[in-house]
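First the structure, in the form of structure tokens, and then the observations on it.
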Protein chains: 2
Amino acid sequence: MPESHYPEVRSLHLFSEMEDDNFRTLMRGSYVQNFPPQIDLIHEGESSDFLHIVLSGSVDLYAQWNNRETSIATVRPISTFILAATIRDAPYLMSARTLEKSGVALIPSQDVRDIFDIDAVFARAIVRELSQCYRGMVKSHKDMKLRTSLERLANYLLRQQTRAGGETTFELPTEKRRLASFLGMTPENLSRAFKGLRPYSVAVDGNRVTIADADDLKTLAKPSPLIDDYSS
Amino acid sequence: MPESHYPEVRSLHLFSEMEDDNFRTLMRGSYVQNFPPQIDLIHEGESSDFLHIVLSGSVDLYAQWNNRETSIATVRPISTFILAATIRDAPYLMSARTLEKSGVALIPSQDVRDIFDIDAVFARAIVRELSQCYRGMVKSHKDMKLRTSLERLANYLLRQQTRAGGETTFELPTEKRRLASFLGMTPENLSRAFKGLRPYSVAVDGNRVTIADADDLKTLAKPSPLIDDYSS
DNA sequence: TGCTCTGCTTGACATTTATCAATTCATGCG
DNA sequence: CGCATGAATTGATAAATGTCAAGCAGAGCA
């Protein structure tokens, strides 16, 4: 990997505190690649040869079974993905594809495991990252099992509004078909769900969403930090 | 905690390799308690004061939202739960209640974090445990999003059969109402789903399930190691 | 034995969600 | 500009799932 990329990788929680020698060892074996949109980076079931880091663009994590497919998460810069598979040296449970033109760093899994064994600071950082991922997954699971699709959409919109700094109007960061898959519904149903939110002051025009009265929407959505706050 | 319990706790992957001094420090601050059935041990939203270890009996992890409740996992001896909350010093995302009379060890979270910071072997063991939990959660999530309730039940039964050593007939380890909640359906629907599996050689009598022809059932269930193999 | 409790099952019905087909809409391109 | 493409929407319908109410069955107990 060219040294010009070191600072941005180093700025990740995962790498920011570790020994410089170990960091440089990790980087030396790695490389950065640019991918066009819609390229499969990894596929579930494969063995995990590299830890991946999204440096630019965005990557969709998804899974398939019996000819069905579902989107599980979107990874945005700068974060890692499939850390758990790398650590356990186990097969990927999810596939990953670029959503747009994206830069991805690849660090050999074996190097990660080696450094993990000798750098306690790095190991602790991994624990923090993993526990965050775990809790995120628990929250998604609760969202899925406890809410109807309309409620999931309502809460999703409120989260996006927060991400957009609380603006009344904001852009959906993703295609609607993919959003539907992420929310566990069909594109047709997502369309209807948007209409179903109109009585709660939600208006949609293309990718532009307006929530005129967030408090009104919250009476339906009933957001909870134990499901919707992805920062804790 | 009485020293008589040390060996069984020590036998956990999480503790088996760590420094003896550190292990004893952890144990000294801990205690063991016996609980009757249906006792709430922790409740979601509370701060995580203790890492819990199930020594005997069984514990249900569940979550609530808006007056709805769903069962997320069952913890059986000897395993820990809510490790991620302990490590992050964050609120519990799930509640836990005893399903039967159960013995539980409680280790102060602050002690776990302290030892975690000074014992690299322990930190690594935590990583392994956490990554296992994470992958388990991903699998549950895929199960939920990619399969119908009938398919989830079919695969659940095949997993239970494996757990029971592959016997044609085995016992459900849990109440049907809780199984329904775990599988993300109502008890009524679970009843109907069992009937729906009769053409696939599944017979139910109370808690006793017979799968006459597992291959037949598999044509419906299409089990996949990337969803159903909880050991990897 | 009968009683009571609780969980399970069943049936009728309502709601939610998916599927299929057709149409509209936006976008890029020759 | 017109056309082709793929996404989004809409309507009609079907399938899956939930809800409500009633009945059934087994466990514990007097």
Side-chain angles (χ1 to χ4, degrees), chain A residues 36-38 60 65-71 97 99-101 143-157 171-200 202-209 220-221, chain B residues 36-38 60 65-71 97 99-101 143-157 171-200 202-209 220-221:
Chain A
Q38 308 300 334
D60 181 44
W65 178 80
N66 193 28
N67 239 351
R68 293 166 217 169
E69 179 180 316
T70 189
S71 178
R97 71 162 77 88
L99 289 172
E100 50 192 314
K101 186 170 172 305
D143 189 47
M144 193 68 204
K145 287 187 79 177
L146 289 166
R147 290 171 170 163
T148 65
S149 59
L150 194 67
E151 291 163 343
R152 290 199 296 276
L153 175 59
N155 281 290
Y156 173 85
L157 293 178
E171 298 268 331
L172 293 175
T174 161
E175 256 183 316
K176 283 189 186 151
R177 52 184 12 258
R178 199 168 313 282
L179 174 57
S181 176
F182 173 72
L183 293 174
M185 57 209 281
T186 57
E188 293 95 326
N189 241 314
L190 179 61
S191 264
R192 292 173 189 124
F194 271 121
K195 288 175 76 171
L197 290 182
R198 279 201 299 227
Y200 298 89
V202 175
V204 192
D205 176 30
N207 270 354
R208 185 173 295 288
V209 175
L220 170 74
Chain B
Q38 309 301 334
D60 181 44
W65 178 80
N66 192 29
N67 239 350
R68 294 167 217 169
E69 180 180 315
T70 190
S71 179
R97 71 161 78 87
L99 288 173
E100 49 192 313
K101 187 170 172 303
D143 189 46
M144 193 68 204
K145 286 187 79 176
L146 289 167
R147 289 171 171 164
T148 66
S149 59
L150 194 67
E151 290 163 343
R152 290 198 294 277
L153 176 60
N155 281 291
Y156 174 85
L157 293 178
E171 298 268 331
L172 293 175
T174 160
E175 259 182 315
K176 283 188 188 154
R177 51 181 15 257
R178 198 169 314 283
L179 174 57
S181 176
F182 173 72
L183 292 174
M185 57 209 281
T186 57
E188 293 95 328
N189 241 314
L190 178 61
S191 264
R192 291 174 190 126
F194 271 120
K195 287 174 75 171
L197 291 182
R198 279 201 299 226
Y200 299 90
V202 175
V204 192
D205 176 30
N207 270 355
R208 185 172 294 288
V209 175
L220 170 72

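Chain letters run A, B, ... following the sequence lines, proteins first and then strands; every chain starts at 1. Just so you know, these numbers come straight off a predicted model, no measurement behind them.
Using a 4.0 Å heavy-atom cutoff across all strands shown, A:Gly196 reaches no nucleic acid atom at all.
Atom CZ in B:Arg147 sits roughly 20 Å away from atom C1' in C:dT17 (whole-Å rounding). Going from atom CE of A:Met185 over to atom C1' of D:dT17 covers 16 Å, rounded to whole Å. When the C1' atom of D:dG6 is taken as reference, atom NZ of A:Lys176 falls 14 Å away, rounded to whole Å. D:dT19 atom C1' lies 15 Å from atom CZ of B:Arg177, rounded to whole Å. Atom-to-atom, CG of A:Leu146 to P of C:dT16 comes out at 17 Å; the value is rounded to the nearest Å. When the P atom of D:dT10 is taken as reference, atom NZ of A:Lys195 falls 4 Å away, rounded to whole Å. What separates CD of B:Glu151 from C1' of D:dT17 is a distance of 14 Å, to the nearest Å. Rounded to whole Å, the distance from CG on A:Leu150 to P on D:dT17 is 19 Å.
A close approach under 4.0 Å does not occur between any side-chain nitrogen or oxygen of B:Thr186 and OP1 or OP2 of D:dT17. Taking 4.0 angstrom as the limit, A:Asn189 places none of its side-chain polar atoms (N or O) nearer than this to OP1 or OP2 of C:dT17. At C:dT17, one or more side-chain N or O atoms of A:Ser149 fall inside 4.0 Å of OP1 or OP2 (strictly under the cut-off).
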Inset, instruction - Take B:Arg198 and B:Val204 through the side-chain contact (heavy atoms from CB on, under 4.5 Å) test and state the conclusion after the steps. - result: CA-CA 9 Å; B:Arg198 279 201 299 226; B:Val204 192; over 6 Å; no
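Put simply, the side chain of A:Ser149 never gets that close to the backbone of A:Met185: no donor and acceptor are under 3.5 Å apart. With hydrogens and angles ignored, the 3.5 Å screen pairs no side-chain donor or acceptor of A:Arg147 with any backbone N or O of A:Arg152.
Among C:dA18, D:dT9, C:dC8, the nucleotide with an atom closest to any side-chain atom of B:Glu175 is C:dC8.
Under the 4.0 Å criterion applied to side-chain N and carboxylate O atoms, A:Arg68 and B:Glu151 are assigned as salt-bridge partners. Using a 4.0 Å cut-off between charged side-chain N and carboxylate O, B:Glu188 and B:Arg177 make no salt bridge.
Side-chain N/O atoms of B:Glu188 and base N/O atoms of D:dC20 include a donor-acceptor pair closer than 3.5 Å. The base of D:dG11 sits with one of its N or O atoms less than 3.5 Å from a complementary donor or acceptor on the side chain of A:Arg192.
Sequence order on DNA chain C of the closest nucleotides to A:Asp205 and B:Asn207 puts B:Asn207 first from the 5' end.
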